[in-house]
Undergrad: 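Quick one: this structure, given as structure tokens, is what I'll be asking you about.
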Amino acid sequence: MNSITAVDQEYVAHTYGRFPLELVSGKGSVLTAADGKEYIDLGSGIGVTAFGIADEQWLAAVTEQAGKLQHVSNLYYTDPCAQLAKELCQRTGMKKVFFGNSGAEANEGAIKYARKYSMEKKGNEYYHIITLVNSFHGRTLTTLAATGQDHFHQHFQPLTPGFHHVQAGDFIGLKKLVAQYPTAGILLECVQGEGGVVPLEKDFVQDVAALCQQEDIPLMIDEVQTGNGRTGTLYSYMQFGIQPDIVSTAKGLGGGLPIGAVLVGEKVESVLAPGDHGSTYGGNPVCCAGALTVIRRLDEAFLAQVREKSEYLFRELSKLPGVESVDGMGLMIGIKTERPAKEVVAECMEKGVLCLTAKDKVRLLPALNIPMELLKKAVSVIGEACE
Ligand SMILES: *Cc1c(COP(=O)(O)O)cnc(C)c1O
């Protein structure tokens, strides 16, 4: 055991199962370990480093902003925060943005918007939130309650009350819940990420959106993992023909610095008033300056390249012996392998390719600008590891 591994194991809380690998630097989609070995990065820090490691535009914006003003709190105006909110609204048609620091915090904000809207408008019993079985919405006590996977709930009961889960695709079941519980909001991921990279059916999502509109229930889409170009459009909901009332996002938005955002549409934009919600770091100028370089590059031409790389991966991975199926959207891909996913990922790592898992699948979330030549190399390594 090298010394950093030992220090980490002694002093860092044991809440993560780490790979036996210490990373020290990188460039783009190549990571360098402490022993000098290089790895092709197909995980991008769980979908965070959208333009890879030390991306030049991102780095320049972040370092320049850090040298000018690294933080002032939300008591004052700063340019990067305002510009990022404007960019996000103009690109989505949403009206306002609340900034926090993580995906869970973005979902907390989304839920607060939905609850206040519905309770003010319809009465205090309208606090119930419906989410899907197999979803993942975060690790705080409220977003755990929203997460439709029982094993995350163990040891932490009682969670925030008022959350109900229904199977993805079961629209009749969902309507029953809405009839049974005065509903403040419905929250879903268009592609369930931690749940195994499972896209929802378009019809189901559209039915839910129509029901929300009909019943005046805010529709919340969790774009923490699927957002910011990951699925080949700016946000994944754009491929489902719906307009949500609330969008939460994080992961890829900051390109590697912590930022989360709640985008709100016309229905709920004026619901939260001064004092209703806040976050000390929210809208941090360094994080926002970095995020601007991410969002501004996600234009139609760039997103078309993301979709091309996606098609390449779907086509080539599906052909590999030992691969049972390939699922996902854009550069968010889940591979069902004959061998256990953990073994495949371990062998890929040995051979210089870093992949993730999600449930029983091998999950890929490469940087959106990963060069084709690295993707090709990585596919051949995955192929060897799947056999
Ligand atoms: C990762 C994730 C979260 C939680 O984000 P954190 O930044 O870890 O709090 C929430 N929802 C989805 C869909 C995610 O993938």
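For ligands, and for the atoms within them, numbers begin at 1 and follow the listed sequence. When a residue number appears, it is its place in the shown sequence, counting from 1. Just so you know, these numbers use all the heavy atoms, side chains as well, and skip hydrogens, waters and symmetry mates.
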Undergrad: Can you sort out which atoms of ligand 1 are near Glu189, meaning under 4.0 Å from one of its heavy atoms?
TA: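 Close to Glu189: 13 (C).
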Undergrad: State the atoms of ligand 1, each with its element, that fall below the 4.0 Å cut-off from a heavy-atom position in Asp222.
TA: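 Within the 4.0 Å cut-off of Asp222, ligand 1 contributes 10 (C), 11 (N), 12 (C), 13 (C).
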Undergrad: Could you report the tightest heavy-atom contact between Leu354 and Leu21, atom names first, then the distance?
TA: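 The answer is CD2-CD2, 3.8 Å.
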Undergrad: Could you check atom 4 (C) of ligand 1 against the protein and tell me its nearest heavy-atom contact, residue, atom and distance included?
TA: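 For atom 4 (C) of ligand 1, the nearest protein heavy atom is Ala104 N, 3.8 Å.
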Undergrad: Counting from 1, what ligand 1 atoms have a heavy atom of His137 closer than 4.0 Å?
TA: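 Those qualifying, in numeric order: 10 (C), 11 (N).
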Undergrad: In this structure, is the centre-to-centre distance between the rings of Tyr127 and Phe163 below 6.0 Å?
TA: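 Phe163 vs Tyr127: aromatic centres not under 6.0 Å.
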Undergrad: Does an N or O anywhere in Val224 fall below 3.5 Å from an N or O of ligand 1?
TA: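 Min N/O separation from ligand 1 is not below 3.5 Å for Val224.
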Undergrad: For ligand 1, which atoms, with element, lie under 4.0 Å from some heavy atom of Asn107?
TA: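 Selected atoms, number and element: 10 (C), 11 (N).
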Undergrad: With a 4.0 Å cut-off on N to O distance, would you call Lys361 and Glu324 a salt bridge?
TA: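 Judged by the 4.0 Å cut-off on N to carboxylate O distance, Lys361 and Glu324 do not form a salt bridge.
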Undergrad: Determine the interplanar angle of the Phe171 and Phe204 rings, folded into 0 to 90°, and report it as parallel if under 30°, tilted if 30 to 60°, perpendicular if over 60°.
TA: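 Taking Phe204 first and then Phe171, their aromatic rings stand perpendicular (interplane angle over 60°).
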Undergrad: Using a strict 4.0 Å threshold on nitrogen-to-oxygen distance, state whether Glu108 and Lys112 make a salt bridge.
TA: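 Answer for the salt bridge query: no.
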Undergrad: Enumerate the atoms of ligand 1 whose separation from the nearest heavy atom of Ser102 is less than 4.0 angstrom.
TA: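 The atoms of ligand 1 under 4.0 Å from a heavy atom of Ser102 are 7 (O), 9 (O).
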Undergrad: Could you name the option among Glu194, Met332, Gln192, Lys251 that has the heavy atom nearest to atom 14 (C) of ligand 1?
TA: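 Minimum heavy-atom distance to atom 14 (C) of ligand 1 goes to Lys251.
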Undergrad: Considering only protein heavy atoms, which is closest to atom 6 (P) of ligand 1, and at what distance to one decimal place?
TA: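 Ranked first by proximity to atom 6 (P) of ligand 1 is Gly103 N, 3.4 Å.
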Undergrad: Measure up the His71 and Tyr281 rings against each other and bin them: parallel (under 30°), tilted (30 to 60°), perpendicular (over 60°).
TA: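 Rings of His71 and Tyr281: perpendicular, over 60°.
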Undergrad: Indicate, as side chain, backbone, both or neither, the part of Thr226 found under 4.0 angstrom from ligand 1 when only non-hydrogen atoms are considered.
TA: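 Answer for Thr226: neither.
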Undergrad: Answer with yes or no after comparing the ring centroid distance for Tyr126 and Tyr117 against a 6.0 Å cut-off, counting only values under it.
TA: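 That pair fails the under 6.0 Å test.
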